[in-house]
Asker: 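What follows is a structure written as structure tokens; I'll ask about it next.
Owing to the predicted nature of the structure, the values given are computational and were not obtained by experimental measurement.
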Amino acid sequence: MLLLFVIVLPLYQVIATLALHGGAIMAAIKSLPDYALLAPPAWVGSIPLAGPRIAHEWQALSDAGAGGLLARLEPYLTIAARWLLGHAAIVGVFAMHMLITVVIAGILYSRGDVAAQFVLRFFNRLAGQRGMSAVRLAALAIRAVALGIVVTAVVQSVLGGIGLWIAGVPAAGILTALMVMLCLAQLGPFLPMLGGVVWLFQNDMKLAAGILLAWALVVAMLDNLLRPMLIKRGVNLSLLLILAGVLGGMFAFGIVGLFIGPVILAVTQTLLHAWVDETPAPQAVQAPGSGPRA
């Protein structure tokens, strides 16, 4: 039930939402020639570090007019739209895979102790104590990713979606679905929420835009607190190692790479350290003539 409600249903809802609104997204892209970006507010330039650059780029897009905005965004929007339409047809396949995963997980959990003992005995026969340690480390790495990456992404997206909905931003469901995908890819929820902030500013709802921007910053920074805490509950590994495994695994294997990548890196690092530590480190070699003098 936890797998179903924490992982399967949110991911299915994300893909289903994007597929359902694929036509609306394409219509919004086609309407860009009639859209012009307003000038940035004065306070944007006062943001520390990145403020002047953001204001400059924003002003450049505003000065370019509708056609210039379309020319700047068209390559990225075309790539995103093609990806979206290309993956819209796999919603049914994804649902079937997730259903099979939950069913198999239920079967394994019903006799999980027996399955775990068999795997441990097999790797003990294969590689002794080192093999058993690798199995335990793989299990802890998967648990760390499930807690630290997936749960953090769901929490951030839910909080961000609630903020968009309360602020009255249209297409809050689509933006929330995008936030889930971006959070899983470790890009954070800030960009979809920033789009909501811009829409509110353009419709003269400055108070709501300011509050939503502050909420977006809070939600975006939440992963710096929540993700390390949850990962450390699963396994005592480097956070950078886990994040590198998540990103590399997603690029190489897709969604399942969220778990495959960190497991490969964690087990490889641990086995490599164990193999290196079996031989004591060589003592420092003194240069000729640098020995103790009488």
Side-chain angles (χ1 to χ4, degrees), residues 1-32 34-35 37-38 40-41 43-44 47 54 58 73 76-77 80-81 83-85 87-88 91 94-95 98 147-227 230 255:
M1 295 298 291
L2 286 174
L3 282 174
L4 184 64
F5 285 105
V6 176
I7 297 178
V8 177
L9 288 183
L11 289 178
Y12 174 77
Q13 189 62 36
V14 166
I15 297 178
T17 300
L18 293 177
L20 181 63
H21 295 87
I25 295 173
M26 292 300 297
I29 294 175
K30 292 179 181 179
S31 67
L32 277 178
D34 301 326
Y35 181 82
L37 189 65
L38 297 180
W43 59 264
V44 173
I47 297 177
I54 294 176
W58 191 336
L73 297 180
Y76 307 102
L77 293 175
W83 181 90
L84 176 65
L85 296 179
H87 287 72
V91 177
F94 177 81
M98 288 295 98
L147 289 175
I149 303 300
V150 178
V151 173
T152 302
V154 171
V155 170
Q156 284 185 292
S157 302
V158 169
L159 294 178
I162 291 175
L164 293 172
W165 176 69
I166 293 177
V169 176
I174 299 176
L175 293 177
T176 303
L178 290 175
M179 276 191 283
V180 174
M181 301 302 292
L182 291 176
C183 289
L184 288 176
Q186 305 307 297
L187 298 177
F190 188 71
L191 287 179
M193 298 190 72
L194 183 61
V197 171
V198 172
W199 184 87
L200 292 172
F201 265 113
Q202 291 183 330
N203 288 272
D204 292 329
M205 292 184 281
K206 296 182 179 179
L207 178 60
I211 296 175
L212 182 61
L213 179 61
W215 182 245
L217 293 174
V218 172
V219 173
M221 292 187 295
L222 181 64
D223 61 346
N224 295 325
L225 173 66
L226 185 60
R227 183 171 55 200
L230 292 175
I255 291 293

Asker: Please name the pair of heavy atoms, one in W199 and one in G168, separated by the smallest distance, quoted to 0.1 Å.
Answerer: CZ3-O, 3.8 Å
Asker: Ignoring hydrogens, what is the shortest heavy-atom contact between C183 and A153? Give both atom names and the distance.
Answerer: CB-CB, 3.5 Å
Asker: Out of L212, V169, I211, L164, which residue meets the side-chain contact (heavy atoms from CB on, under 4.5 Å) rule with V197?
Answerer: L212
Asker: To the nearest 0.5 Å, what is the distance between CG (L207) and CG (L200)?
Answerer: 10.0 Å
Asker: Can you name the side-chain contact (heavy atoms from CB on, under 4.5 Å) partners of L226, sequence neighbours left out?
Answerer: T152, V155, L222, M229, L230
Asker: Please check: side-chain N/O of W215 versus main-chain N/O of L159, any donor-acceptor pairing under 3.5 Å?
Answerer: yes
Asker: Could you go through M179 and F190, starting from their C-alpha distance and side-chain angles, then the distance that decides it, and tell me whether this counts as side chain to side chain contact (heavy atoms under 4.5 Å, CB included)?
Answerer: CA-CA 8 Å; M179 276 191 283; F190 188 71; over 6 Å; no
